[in-house]
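Here is the structure we will look at.
Note on naming: letters A, B, ... go to the chains in the order of the sequence lines (proteins, then strands), and numbering restarts at 1 for each one. Only a predicted model underlies this, so the values are computations on that prediction, with no experimental measurement involved.
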Protein chains: 2
Amino acid sequence: MSDNQRMTKQKRVILEELERVRTHPTADELYGIVRKRIPRISLGTVYRNLEMLAASGRIRTIRTCGKQRRFDADLSDHVHASCIRCGKIKDLPGGFPIGRLDGNLDESEFTYIATRIEIIGICGDCKREEETREG
Amino acid sequence: MSDNQRMTKQKRVILEELERVRTHPTADELYGIVRKRIPRISLGTVYRNLEMLAASGRIRTIRTCGKQRRFDADLSDHVHASCIRCGKIKDLPGGFPIGRLDGNLDESEFTYIATRIEIIGICGDCKREEETREG
DNA sequence: CTACCTGCAAACCCTTTGCAAACCG
DNA sequence: CGGTTTGCAAAGGGTTTGCAGGTAG
């Protein structure tokens, strides 16, 4: 967390692309996007930069359904809608329906950083796919 | 999700132990616990049974901070407090401060299943450890 | 200059899976 | 009995890391 971070071309492009997309891509998906601008970038570099950007608070990592981590450059409080089938995440319009949620928290036993709210469900694409398959 | 599940000794003990512990153990932690009662059980069996129990809705899986999945036999709505350092999860007293949260949801585009709320922070153990290390 | 960062590839580690034997109902 | 489940071990797949060369400041 010592912020001796350099703004390299790779880091800048990764951040730009993550801010641009509306999805919450996995490292691998972002790798595919960034490679259009930096063809010789490596997946390891993408991971390292996402890690650094998260450590310095410029982006957030999301772990929910699915085995892969996802990343979000939108730091505002918003609710995520996660699909248990495909793991994709969409944002819900409107902010948080609650506040800081640290009321009944013993600060000596837990230092509050943030609240996360998500709804779990099945997205339209996966639902339609299931209906097709099951007839 | 076809519930042709048999109640084997392994599955029963895994469920019993998961219901008994107050933590939200990883598969590996639960493996260590269950092995006290079934010494020759394998980690693969623990994973398979947790998967089956989750598929039939008897337990829940949690993915948050940390790379390992965690499991929870408490199906009631409760807020999780996750430590970003060690990945451990504790329950917050009291239920959910909000309701179903599917108000501004287009049901044709997302089938609602559940709401998850967690707070992110640093637990007492990790905080004390950091204070010791940094002087 | 030089400490930090990159690309590459191998290592890591959690999780899943194939198989023959064991077991539940 | 017949289809599930188990233990074992190997495979899988996302993420991390060591290293030598490259680069920001």
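Across the protein-nucleic acid pair, B/Arg63 atom CZ and D/dG14 atom P stand 12 Å apart, rounded to whole Å. When rounded to the nearest whole Å, the span between CZ of A/Arg35 and P of C/dC8 equals 10 Å. The CD-P distance, from A/Gln5 to C/dT6, rounds to 10 Å in whole Å. Rounded to whole Å, the distance from OH on A/Tyr31 to C1' on C/dT6 is 13 Å. Atom-to-atom, CD of B/Glu29 to P of C/dC14 comes out at 11 Å; the value is rounded to the nearest Å. To the nearest angstrom, P of D/dT6 lies 13 Å from CG of B/Leu43. Rounded to whole angstrom, the span from the CD1 atom of A/Ile38 across to the P atom of D/dG22 amounts to 17 Å. Put simply, OH on B/Tyr47 is 13 Å from P on C/dC13, counting in whole angstrom units.
Looking at B/Arg48, its side chain has no donor and acceptor atom pair within 3.5 Å of the base of C/dT16.
When the nucleotides C/dC5, D/dT16, C/dT15 are ranked by their closest atom to the side chain of B/Ala27, C/dT15 comes out on top. Of the candidates D/dT5, D/dG7, C/dC5, the closest approach to any side-chain atom of B/Met52 belongs to D/dT5. Counting only heavy atoms from C-beta on, B/Ile41 has its side chain closest to D/dG7 among C/dT15, C/dG7, D/dG7. Nearest nucleotide to the side chain of B/Thr8, out of C/dC14, C/dC5, D/dT5: D/dT5.
Between A/Arg70 and A/Glu29, at least one side-chain nitrogen of the basic residue sits less than 4.0 Å from a carboxylate oxygen of the acidic one, meeting the salt-bridge criterion. Classification of A/Arg69 and A/Glu51 as a salt-bridged pair holds, one side-chain N sitting under 4.0 Å from a carboxylate O. Ionic pairing of B/Glu16 and B/Arg37 is present here: one or more N-O contacts between side-chain nitrogen and carboxylate oxygen are shorter than 4.0 angstrom.
Counting heavy atoms from C-beta on, the side chains of B/Ile120 and A/Thr115 never come closer than 4.5 Å.
Within 4.0 Å of A/Arg69, counting heavy atoms only, lie sugar-phosphate atoms of the nucleic acid but no base atom. Nucleic acid contact for A/Arg6: base, since at least one base atom lies under 4.0 Å from a heavy atom of the residue. Across all strands, A/Thr45 comes closer than 4.0 Å to base atoms (heavy-atom distances). Among the heavy atoms of the strands lying under 4.0 Å from A/Asn49 are primed sugar atoms or P, OP1, OP2 only; no base atom is included.
Between A/Gln10 and B/Phe71, the residue whose closest nucleotide on DNA chain C is further toward the 5' end is A/Gln10. Between B/Lys11 and A/Gly44, the residue whose closest nucleotide on DNA chain D is further toward the 5' end is B/Lys11.
One side chain, B/Glu118 or B/Thr64, offers a donor N or O that lies under 3.5 Å from an acceptor on the other.
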